[in-house]
Structures are given as C-alpha cells and as structure tokens.
Amino acid sequence: MAHVSEEQKKADNRARVTTEEFRAFVKEGWAPRPDTRPERAEVAEYAARRRAAISLAFPGERLIIPAGGLKVRSNDTDYVFRPHSAFAHLTGLGADREPDAVLVLEPLFDAAGEPAGHEAVLFFKPLADRESDEFFDDTRYGEFWVGARPTIEDIEAELGLSARDIGEFADAAVKDAGQIGIRMVRDADRELTAQLDTSRVEHGQAEETMAEQDDELAHDLSHLRMIKDEWEIQQMRDAVDATKVGFEAVIADLPRAIEEGRGERWVEGVFGLHARHQGNGVGYDSICAAGDHANTLHWIKNTGDIDEDDLILLDAGVELDSLFTADITRTLPASGTFSDAQREVYDAVYAAQQAGLAAVKPGNKFSDVHAAAIRVIAEHLHAWGLLPEGVSVEDTLDTEHGQYHRRWMVHGTSHHLGIDVHDCALATRAEYMDAELQPGMILTVEPGLYFKSDDLLAPERFRGIGVRIEDDVLVTEDGHENLSAHFPSRSEDVEAWIAQVQSR
Ligand code: GLY
Ligand code: MN
Ligand code: MN
C-alpha cells in the first residue's frame with residue numbers, strides 16, 4: 001500500500017467540498033471594511049523608550065525579536081497564542097497578538113557611516129482581503145475561522161512604528177549580513193531560529209559566535225524589564241487589584257467548594273472565571289492546594305477535595321491583556337478559623353514575611369530579603385526543637401554547612417515579577433541576587449513552612465500543614481509599597497476577612 005503521510009491523511013479528512021461557484025460566492029457581498037484606524041496605544045511611547053534603550057546597547061546591529069508562532073495542543077487544535085515576553089515588552093502587544101510576527105530593529109547610519117540608532121519595523125501577517133482563499137479556507141489564520149487581524153495601517157497607527165508584510169521578512173532579515181551584525185532572540189520561535197541560522201551562516205555570519213551573541217541580546221532584554229516604568233507599575237497595581245476580586249470570589253465560595261467535593265478544582269475554576277473576566281486570564285497555573293497538597297510546592301493538579309478542617313493555600317494571579325501578572329498567595333482556613341496548630345505555623349510564616357518585607361528598601365540587596373525572612377523561619381524551627389541536636393540558628397544559616405532549615409522551606413523568598421511571573425530570569429547573579437534594590441523594581445516576598453504528612457521529624461500536630469504568604473512589592477525611593485497590602489495577612493485579619501466576605 002502506498003504510504004500516505006499523517007499530514008496528508010489529516011488534510012484529506014478535513015477537505016471540504018469547494019466548488020468554483022462557492023469560491024466566487026463566498027468572496028463577495030461583504031460590506032466595505034470600516035475606514036477607521038485604532039487609536040495610538042497608551043503603551044506605545046513606553047515601548048518606544050524600551051526599544052531606544054536596547055538600541056543603545058547594540059549600535060549598528062540588526063536585532064530580531066520574534067513573537068513566536070501558534071503551538072499545537074493536539075492534532076489540529078492550537079493553544080491560545082501568547083507572544084514572547086521580549087516581543088510583548090518592546091512592542092506593547094499583549095494577549096493573543098500577533099502570531100508569527102517579528103520585530104526588527106534595523107540599524108541606521110549617519111552620513112559618516114557611524115551607527116545612528118535603529119528603526120523599528122514590525123513584520124506580521126496582515127489581514128487578508130476577502131478575495132483571498134485564506135479569508136474563508138484557512139482554519140488556522142483565516143478570518144472566517146479565527147477572526148480578523150489588523151492591517152498594516154492599523155498596526156502603524158496603534159503602535160507608532162513601521163509595519164510590513166511578514167512575506168518580506170526573510171530577505172530583510174539577512175540583508176547586508178556580511179557587513180552588519182545580526183542578533184536574534186532564539187527561544188521565541190525555534191523553527192524560525194533554525195531557518196535564520198542557516199541563512200545567516202550562508203550570508204557570512206560566523207557560526208561559532210552566533211548563539212553566544214544572541215544570548216547577549218536575550219540577557220539584555222530580560223534585564224531591561226527589571227526597573228518598571230510608570231505604565232508598568234500601573235499595570236501591576238491593576239493586576240493585583242483584579243486578583244483580589246478573584247480571591248474574594250474564592251472565599252465567598254469556600255463553603256460550596258467543601259460541599260461539592262473536588263473542591264480544589266472548584267477553587268481553580270472560580271479564580272479562573274474572575275481572572276478571565278477581570279483580565280486576560282491566570283498569569284500561571286493556579287495552585288489550589290488543600291491540606292497536605294500545600295506541601296507540594298507547585299501543586300497545580302488541583303484534583304483534591306477540601307475538608308472543613310483544611311487550610312487551603314491559594315497561589316494565583318490575574319494576568320492583564322498587557323501580560324503583566326500578579327502573584328499572590330494566601331493560606332486560608334476552609335472553616336474560617338485556624339486551629340491552634342495551623343495558627344502556630346501560620347504566625348511563624350507571617351513573622352518571617354514581615355521581616356522579609358522590612359528588608360525591601362533601596363540600598364539593601366535583593367538577597368537580604370530572603371536572609372531576613374529565612375532567619376525568622378530558622379528561629380522558629382530552632383525554638384520548636386526541629387533542627388538537629390546542637391545546631392544553632394547561626395549554624396543552620398551558615399551557607400557553607402548546615403542549611404537544615406531548608407527541609408521545611410526549600411524555595412527562595414523572592415523573585416522579580418512582571419510580564420513573566422518569574423521575570424528577568426536571564427539577569428546575572430550580580431544583577432539579580434547580589435544587586436542592590438532600586439526604586440521601580442517589583443518583587444514578591446513569599447516565605448513558607450511546609451510540614452508533609454509523612455515527615456517524621458515534624459511535630460505530629462504540624463504534619464499535613466503547609467503555609468505560604470506572598471505579596472507583590474514595589475521598591476520606592478525610601479522603602480517599599482506593598483501593592484497587595486489590601487489582602488489581609490495576619491491570622492486574625494484573615495479570619496475576619498473570610499467572615500466579612502462570606503457575610504456579604
Ligand atoms: N506562583 C509561583 C511563585 O510564587 O513563584
Ligand atoms: Mn511567587
Ligand atoms: Mn506565587
């Protein structure tokens with residue numbers, strides 16, 4: 001039997017009856033498209049400043065920043081599109097925008113041939129006209145199937161940069177490749193990266209240094225996001241406020257989540273509903289962990305029940321259309337009241353968080369926040385007699401030896417937060433962990449204590465209790481502003497919050 005490829009079989013099965021008559025008929029009889037352009041996006045001027053900063057770092061070089069393409073979920077269905085974070089940051093395009101687009105920062109030169117900045121050009125797939133087959137017949141990109149895209153003029157009006165058809169990108173990308181440096185963001189679109197690698201080498205770029213040079217660009221783009229501009233700070237405030245709506249909806253529904261069974265799924269669904277309604281959706285998979293599940297740090301299966309006596313650890317954040325996301329954790333007694341043992345653990349974590357928060361100020365190092373919080377965690381573990389015999393708080397905090405306390409809090413206390421939940425991840429240790437905090441940075445403060453149900457070294461009363469408290473904090477000139485301070489966090493305040501929300 002002749003071999004028929006999988007792709008061909010799928011295409012054969014999908015093929016629709018298409019007559020010449022139908023093709024002609026479907027393309028006509030549509031009202032003219034509106035002759036209006038979108039307004040200039042508020043983010044456009046901020047995105048232009050970000051591009052200017054990256055332009056300064058790479059004079060005379062072409063910089064290629066792809067959005068990435070659609071990703072297959074299974075068979076012929078794709079995931080909802082999310083552009084690469086660097087692309088979103090430099091263009092201002094957020095949720096759902098624009099699959100397969102590529103931002104090119106094209107180097108400019110003055111009369112003397114010296115580098116003179118860059119021109120931003122967005123190559124993308126513009127709206128196809130109704131005479132095209134794409135219009136009705138392309139299930140992945142066609143207007144009939146997935147909706148209309150912007151035109152070139154729309155994008156130029158919205159973003160204030162030049163736009164061109166993606167069909168022109170391949171040549172533009174390697175033009176003058178022998179004479180100018182070309183760098184690209186490699187992880188946005190693996191296929192495009194492979195194609196361009198070949199093409200760049202053919203055009204004379206040295207293969208050995210190519211990936212290394214690209215990595216420098218990726219690093220700079222990641223680090224560029226570390227100090228948030230005023231527009232970004234407002235996005236973060238809005239994301240945090242939207243997240244509070246989701247948390248309160250969960251609190252209001254806790255009795256139902258207990259009663260229905262499969263309560264973790266219920267909580268995930270309720271938060272997801274409000275995340276989708278308030279913003280674009282969740283910024284990362286929500287952790288809805290009841291009882292012992294809270295001791296699995298990234299419990300995103302959310303398949304469990306919630307019992308009346310459980311704590312429920314909800315680590316969730318709303319992502320806005322701009323892709324900026326909050327990242328908040330509260331650990332809530334499902335019944336509305338902490339048991340004595342739960343409160344004991346909770347209050348220890350609260351004290352650690354207060355110590356961490358107090359360390360968030362310019363002049364302190366990023367790592368000082370963890371140092372302050374983990375000291376309090378270690379002090380409690382020591383006071384409870386959980387550290388090995390003869391080990392003092394100082395002994396366990398010694399980074400060369402000991403570190404016994406990490407059995408009960410293995411994660412760090414903070415990370416930068418923004419378009420990515422773990423933002424600026426490519427910054428170096430010197431720029432991140434060892435760097436001084438500066439106004440405009442936004443980070444989490446999220447200590448925890450985790451006593452697994454089968455942890456024989458934990459006091460019996462603590463087994464099965466996991467607590468984390470996480471806030472999102474802006475570094476200011478003289479300290480910090482806790483953007484999520486309106487989420488109650490002291491144990492009594494959490495109980496009062498639950499009572500108040502459930503009595504509405
Ligand atoms: N939600 C993931 C984290 O807190 O880092
Ligand atoms: Mn976090
Ligand atoms: Mn979190």
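In each ligand, atom 1 is the first atom listed, and ligand 1 is the first ligand listed. Predicted model only: the values in this text are computed from it and were never measured.
- The angle subtended at the Mn ion (ligand 2) by OD2 of D327 and OE2 of E446 is 160°, given to the nearest 10°.
- Salt-bridge check for R375 with E394: passed, with a basic side-chain N closer than 4.0 Å to an acidic carboxylate O.
- Scanning all heavy atoms of the two residues, the minimum distance from I498 to I251 falls at CA-CG2, 3.8 Å.
- Within the 2.8 Å limit, D315 places at least one N, O or S atom next to the Mn ion (ligand 3).
- One of the N, O or S atoms belonging to H415 lies under 2.8 Å away from the Mn ion (ligand 2).
- By the 4.0 Å N-to-carboxylate-O rule, E158 lies close enough to R97 to be salt-bridged with it.
- The cationic atom of R343 (NZ for Lys, CZ for Arg) does not lie both less than 6.0 Å from the six-membered ring centre of Y346 and within 45° of the ring axis.
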Would you tabulate the polar-atom pairs, meaning N/O of ligand 1 against N/O of the protein, with distances under 3.5 Å, reported to 0.1 Å?
{"from": "ligand 1", "atom 1": "1 (N)", "to": "D315", "atom 2": "OD1", "distance (Å)": "3.1"}
{"from": "ligand 1", "atom 1": "1 (N)", "to": "D315", "atom 2": "OD2", "distance (Å)": "3.1"}
{"from": "ligand 1", "atom 1": "1 (N)", "to": "D327", "atom 2": "OD1", "distance (Å)": "3.2"}
{"from": "ligand 1", "atom 1": "4 (O)", "to": "D315", "atom 2": "OD2", "distance (Å)": "3.3"}
{"from": "ligand 1", "atom 1": "4 (O)", "to": "D327", "atom 2": "OD1", "distance (Å)": "3.4"}
{"from": "ligand 1", "atom 1": "4 (O)", "to": "D327", "atom 2": "OD2", "distance (Å)": "3.2"}
{"from": "ligand 1", "atom 1": "4 (O)", "to": "E446", "atom 2": "OE1", "distance (Å)": "3.0"}
{"from": "ligand 1", "atom 1": "4 (O)", "to": "E446", "atom 2": "OE2", "distance (Å)": "3.4"}
{"from": "ligand 1", "atom 1": "4 (O)", "to": "E470", "atom 2": "OE1", "distance (Å)": "3.3"}
{"from": "ligand 1", "atom 1": "4 (O)", "to": "E470", "atom 2": "OE2", "distance (Å)": "3.2"}
{"from": "ligand 1", "atom 1": "5 (O)", "to": "H415", "atom 2": "NE2", "distance (Å)": "3.0"}
{"from": "ligand 1", "atom 1": "5 (O)", "to": "H422", "atom 2": "NE2", "distance (Å)": "2.7"}

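- Between the Mn ion (ligand 2) and the N, O or S atoms of E470, the shortest distance is to OE2.
- Using a 4.0 Å cut-off between charged nitrogen and carboxylate oxygen, R504 and E248 count as a salt-bridge pair.
- Using a cutoff of 4.0 Å between basic side-chain nitrogens and carboxylate oxygens, R183 and D214 are not scored as salt-bridged.
- Here H89 and F324 keep their ring centres 6.0 angstrom or further from each other.
- Between H277 and H274, the ring-plane angle classifies as perpendicular under the 30° and 60° cut-offs.
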